[in-house]
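We name chains A, B, ... by the order of the sequence lines, and we start the count at 1 in each one.
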Number of protein chains: 2
Amino acid sequence: MIADALVRVAGRGGLHAVSMRAVAAEAGVSLRLVQYYFNDKSELMHAALLQLERQSAERLAGRLARLPSPPPARAYIEAFLAEALPTDARSREFHFVWTSYAVLAMGDAALAEQPFVAGPDRQERQLAGVLRRARTDGELAVGADPAAEAARLLTLSHGLGTSVLVGQRTAAAAEEVLRYHLDRLFTVPGPAPAPE
Amino acid sequence: MIADALVRVAGRGGLHAVSMRAVAAEAGVSLRLVQYYFNDKSELMHAALLQLERQSAERLAGRLARLPSPPPARAYIEAFLAEALPTDARSREFHFVWTSYAVLAMGDAALAEQPFVAGPDRQERQLAGVLRRARTDGELAVGADPAAEAARLLTLSHGLGTSVLVGQRTAAAAEEVLRYHLDRLFTVPGPAPAPE
DNA sequence: CACTTCGTGATACGGATGTACCATAAAGAA
DNA sequence: TTCTTTATGGTACATCCGTATCACGAAGTG
């Protein structure tokens with residue numbers, strides 16, 4: 001798929017390395033073909049962004065599907081956040097390109113609307129719902145507000161993700177901060193760390 | 001200054017709108033002059049980044065200088081984080097351009113080294129130092145780990161900042177999340193919110 | 001068969017960009 | 001005075017980019 005080629009190109013050289021020609025070469029097709037399927041460059045960029053979003057949602061769904069049912073709140077949230085950190089090379093590519101799009105969207109409200117506003121809003125509500133249920137089950141620390149905690153979780157994981165991408169922190173260090181955060185949010189302990 | 005012109009151009013159209021000609025026009029000088037002071041485009045970009053960093057440090061220093069001495073830990077940290085959120089137009093421009101550079105640095109380890117690794121590392125240590133002192137003074141919640149808390153504060157504020165830039169959250173909402181976070185971190189209450 | 005649509009290729013065009021080169025004028029040093 | 005350095009402008013050049021155009025075969029349809 002051509003949109004995949006765009007992601008690969010952007011994963012190597014950033015979004016500013018994405019040109020119609022570079023994408024065509026990466027996909028092994030002619031420039032004309034890229035023009036044929038996506039008339040514009042903007043259409044191509046938009047399509048690649050939609051595809052990134054879809055793939056990410058699928059990966060998250062896969063993680064959640066592997067949970068026991070009903071999923072424990074902490075496991076659910078850990079699955080959620082595991083997808084939000086750039087741990088392996090594939091995930092790193094994804095987050096790099098995704099963040100590049102996010103910066104692009106900071107100067108273009110129309111581009112931002114669906115993926116960067118509506119998407120995180122939905123995730124935040126979803127997370128808040130899980131936290132509300134956990135609170136009635138008495139699993140949350142006292143005084144925890146589900147909506148505020150959902151916002152904290154998402155923004156914290158995004159911030160950690162960029163600090164990893166930029167090379168300030170290793171993915172393992174970011175996961176440790178996240179674990180620390182969850183330990184202070186939940187009253188029930190998380191899973192024991194794997195022995196080394 | 002020419003580097004200021006670069007920041008203004010990037011603040012409007014993002015870093016990809018920055019060209020030698022655009023910067024020259026914004027600064028009201030000839031293209032040749034931009035070439036004269038900064039031989040390369042990469043030198044120009046680098047210089048503008050350094051200037052952004054310096055200005056940000058100066059603003060932070062100004063905030064900290066206006067604090068009573070010795071500054072209360074919470075006030076100190078609030079000053080720190082106030083600088084980290086895009087509240088007004090000037091701050092928004094700064095964070096937009098800064099984040100654009102951060103994304104650029106994700107694909108260029110050399111560019112990232114000084115401003116995006118060493119800088120946040122230093123800030124994190126600085127914050128951890130303040131938190132350590134607050135802990136010995138009994139101002140921190142029980143079980144709080146200064147290093148982990150510093151990491152949480154910085155990454156949380158960065159994540160909140162990008163969510164504001166992208167339009168998902170208002171700056172006021174971000175400040176509220178931050179206040180919530182600090183309320184759970186400190187045992188002593190923060191300043192009362194201004195009556196409306 | 002004739003014709004239209006779809007998929008793919010090669011290439012041309014206008015514009016923007018980074019960089020290089022030439023020129024000029026002021027100022028200071030010899 | 002002559003020379004060198006500093007500061008500034010104008011312009012040309014090669015390259016790349018997005019887009020448009022022409023071309024051609026395969027496939028399906030009447």
Side-chain angles (χ1 to χ4, degrees), chain A residues 1-52 93 96-97 99-112 115, chain B residues 1-52 93 96-97 99-112 115:
Chain A
M1 179 59 98
I2 292 182
D4 290 318
L6 185 152
V7 175
R8 286 197 300 273
V9 171
R12 287 197 304 266
L15 265 191
H16 68 271
V18 170
S19 71
M20 298 262 151
R21 286 169 173 84
V23 172
E26 173 73 29
V29 301
S30 76
L31 168 60
R32 177 66 180 84
L33 199 61
V34 181
Q35 290 185 273
Y36 182 72
Y37 286 126
F38 315 91
N39 305 320
D40 258 346
K41 181 179 186 182
S42 68
E43 272 189 35
L44 170 63
M45 299 277 284
H46 196 72
L49 176 57
L50 289 183
Q51 165 151 321
L52 275 181
E93 178 190 80
F96 177 30
V97 179
T99 310
S100 304
Y101 269 103
V103 168
L104 210 64
M106 289 175 190
D108 179 357
L111 175 63
Chain B
M1 177 61 96
I2 291 183
D4 290 318
L6 186 152
V7 174
R8 286 196 300 275
V9 171
R12 287 197 304 267
L15 266 191
H16 67 271
V18 170
S19 71
M20 299 262 147
R21 286 170 175 83
V23 172
E26 173 73 29
V29 300
S30 76
L31 168 60
R32 177 66 179 86
L33 200 61
V34 181
Q35 288 185 274
Y36 181 73
Y37 287 126
F38 315 91
N39 306 321
D40 259 346
K41 181 178 184 181
S42 68
E43 273 191 33
L44 170 62
M45 299 277 285
H46 196 73
L49 176 58
L50 289 183
Q51 165 149 319
L52 274 181
E93 178 190 81
F96 178 29
V97 180
T99 309
S100 304
Y101 269 105
V103 169
L104 211 65
M106 291 176 191
D108 180 356
L111 177 62

If you check every side-chain atom of [X], which of [options] has the closest atom?
| X | options | result |
| --- | --- | --- |
| Leu33(A) | dG18(C), dG9(D), dG7(C) | dG7(C) |
| Ser19(A) | dG9(C), dG10(D), dC17(D) | dC17(D) |
| Gln35(A) | dA20(D), dG18(C), dC17(D) | dA20(D) |

Between CG on residue Leu6(B) and CG on residue Leu15(B), distance to nearest 0.5 Å: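 Rounded to the nearest 0.5 Å, the CG-CG separation comes out at 7.0 Å.
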
Nearest-0.5 Å distance, CG of residue Leu49(B) to CG of residue Leu44(B):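 Leu49(B) atom CG to Leu44(B) atom CG measures 11.0 Å (nearest 0.5 Å).
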
Between [N] ([atom2]) and [X] ([atom1]): distance, integer Å:
| X | N | atom1 | atom2 | value |
| --- | --- | --- | --- | --- |
| Met20(A) | dC16(D) | CE | C1' | 14 Å |
| Phe38(A) | dG18(D) | CZ | P | 14 Å |
| Leu15(B) | dT17(C) | CG | P | 14 Å |
| Tyr36(A) | dT5(C) | OH | P | 11 Å |
| Met45(A) | dC17(D) | CE | P | 14 Å |
| Arg32(A) | dA20(D) | CZ | P | 10 Å |
| Leu31(A) | dT19(D) | CG | C1' | 9 Å |
| Lys41(B) | dT15(D) | NZ | P | 19 Å |

Sequence neighbours excluded, every pair satisfying side chain to side chain donor-acceptor pair (under 3.5 Å) that has a member inside residues 25-36 of chain B: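 Pairs touching residues 25-36 of chain B that pass the test: Arg8(B)-Glu26(B), Arg12(B)-Glu26(B).
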
Given DNA chain C, 5'-ward residue of the pair Arg21(A) and Ser30(A), judged by closest heavy atom: Ser30(A)

Donor-acceptor pair, side chain of Tyr101(A) and main chain of Met45(A), under 3.5 angstrom: yes

Residue-phosphate contact under 4.0 Å: Tyr37(B) side-chain N/O, dT8(D) OP1/OP2: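 Yes, Tyr37(B) has a side-chain N/O under 4.0 Å of OP1/OP2 on dT8(D).
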
